[in-house]
Amino acid sequence: MKKKLLAALMASAMMVSMLAGCGGNTTTTTTQESGESAEGSSGDGYSMTLIMSLRDEFLSTLEAGAQSAAEELGVNLATQDAQNDTGKTIQFIEAARNAGDDAVLVNLVDAATAQQCIDAAGDMKVVFVNRVPQDTSILGGNSAAVVSDENQSGGYQGQFLVDYFKAKGQTDVRYLMLQGTLGLVHTEQRSASVIQAMKDGGLNPIEAAAPLVADYDRATAMDMISPLLTTTEFDCIIANNDAMALGAVEAMTAQGLDPTSIPIVGIDATVDGVQAIKDGTLAMTVFQDANGQGYGAVKAAVNLIEGNAINDGTDYETDETGNIVWVPFEPVTPDNVADYE
């Protein structure tokens, strides 16, 4: 099962990080003896650093995927946690350059700072992973991105809601929206695409209240939505990620309301999110392949170094420019949830 593989990889990554110690400067390294590549690989002993915006469940899984590719390709991989600080991200990039790394893999804190990251990298190759730069025209030459199409994630949420409400013969749908951090590209795209998909499917989505900005945090979502549950009429709850969706579930339960009475939809297919679908409290989520993104980022970096197409050696497609690798989203519903345990 996909989620079982991811859980094992994530556990491995988290154990390595715990052994290395805590804090923003935690570093883990994967090496190949004598600088030789793994059999059949083309890594040639390259050195890279993965810089994460922060270390959470999702990005720990992404880290595990990157480590898996590094082991396969004989790449020396260090990881750093920028603790949601762009300044630290730049410092880690400069440190990698000064250490002679061949490439950096950057999970952006702020999509608008991608050019600063490229400038700080100098001659190193730069692969942005999970979060696409705000201006994708800066990609090319020494830089690329390995991400998922966030419009697709919201689209899957919207299509699920279309099927749900059309089966009930309902077209006017009042929704509560739990949004992630404002200003992030994926927040904007997830929020807009779910509403567009509902409209495209023949629904009339109506704001039951202004969107709630809960910064992708479970406790914040619970606190923010609680006052609306008994004072506002709504037909569904749309969340930009599973953590916020589960915050809504907990808020309803705490007030004696049945979370299975309306569809609550999330994104990411976290362990808790998948369990909530099995329990019936979450209607659906969307699997974002963190492991695939991390794996694809290391492969893309090696391909940049060696002058190959950035998706060479993978099954992933690129955009029309050839500078962005798309790792597809997948809808997770009660019908297929067992595939993601």
Side-chain angles (χ1 to χ4, degrees), residues 3-4 6-7 10 56-58 60-61 153-154 156-165 167-168 170 172-182 187 190-191 194-195 198 203 205-288 290 330-341:
K3 291 293 287 186
K4 288 181 180 177
L6 298 186
M10 183 181 74
D56 59 11
E57 179 184 330
F58 179 86
S60 292
T61 304
S153 64
Y156 281 133
Q157 286 182 315
Q159 186 56 56
F160 177 89
L161 294 172
V162 167
D163 295 341
Y164 178 91
F165 286 108
K168 295 179 63 176
Q170 180 178 345
D172 289 343
V173 178
R174 295 160 298 183
Y175 67 90
L176 292 173
M177 171 83 76
L178 286 163
Q179 288 188 317
T181 307
L182 294 184
T187 298
R190 290 181 182 189
S191 300
V194 60
I195 301 305
M198 292 170 72
L203 298 184
I206 303 166
E207 281 190 353
L212 304 171
V213 181
D215 292 322
Y216 293 107
D217 183 72
R218 189 168 179 164
T220 302
M222 182 178 179
D223 290 343
M224 294 189 75
I225 204 168
S226 290
L228 299 178
L229 296 178
T230 56
T231 60
T232 306
E233 292 187 11
F234 59 95
D235 301 302
C236 65
I237 298 174
I238 301 167
N240 285 166
N241 77 339
D242 283 353
M244 294 187 295
L246 294 171
V249 169
E250 291 176 2
M252 291 188 71
T253 302
Q255 296 192 36
L257 302 173
D258 181 7
T260 68
S261 63
I262 60 160
I264 302 173
V265 299
I267 293 172
D268 283 343
T270 62
V271 172
D272 287 348
V274 167
Q275 184 60 50
I277 293 177
K278 291 179 64 182
D279 296 340
T281 54
L282 198 64
M284 67 88 66
T285 184
V286 183
F287 173 61
Q288 182 176 191
E330 302 169 21
V332 183
T333 69
D335 293 335
N336 69 347
V337 67
D339 293 337
Y340 295 86
E341 292 185 80

(Q) Before you tell me yes or no, could you show the steps for C236 and F165 under side chain to side chain contact (heavy atoms under 4.5 Å, CB included), namely the whole-Å CA-CA distance, both residues' side-chain angles and the distance that decides it to 0.1 Å? (A) CA-CA 10 Å; C236 65; F165 286 108; 4.0 Å; yes
**Q.** Residues L176, L212; criterion side chain to side chain contact (heavy atoms under 4.5 Å, CB included); working and verdict
**A.** CA-CA 8 Å; L176 292 173; L212 304 171; 5.5 Å; no
**Q.** Full working for side chain to side chain contact (heavy atoms under 4.5 Å, CB included) between V286 and F160
**A.** CA-CA 10 Å; V286 183; F160 177 89; over 6 Å; no
Q.
Go through it in stages, so that I can follow the logic: the residues are M252 and I237, the test is side chain to side chain contact (heavy atoms under 4.5 Å, CB included), and I'd like the CA-CA distance, side-chain angles, deciding distance and then a yes or no.
A. CA-CA 11 Å; M252 291 188 71; I237 298 174; 4.2 Å; yes
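In summary, of the residues considered (R190, M244, M177), a side-chain contact (heavy atoms from CB on, under 4.5 Å) with I238 occurs for M177 alone. Of the residues listed (V271, V274, L282, I277), the one engaging D242 in a side-chain contact (heavy atoms from CB on, under 4.5 Å) is L282, and it is the only one.
Heavy-atom minimum distance, P205 versus I195: CG-CG2, 3.8 Å.
Between the side chains of T285 and D268, not a single donor N or O lies within less than 3.5 Å of an accepting N or O. D217 and T220 share a donor-acceptor pair across their side chains, judged by distance under 3.5 Å alone.
Residue-environment remark: CD (E233) stays at or below the threshold of 12 foreign heavy atoms within 6.0 Å.
Applying the ring-ring contact (aromatic ring centres under 6.0 Å, His included) rule to pairs touching residues 205-249 yields H186-Y216, sequence neighbours excluded.
The closest side-chain heavy-atom distance from L161 to V265 is below 4.5 Å.
With sequence neighbours excluded, the residues that form a side chain to side chain contact (heavy atoms under 4.5 Å, CB included) with L246 are R218, D272, A276.
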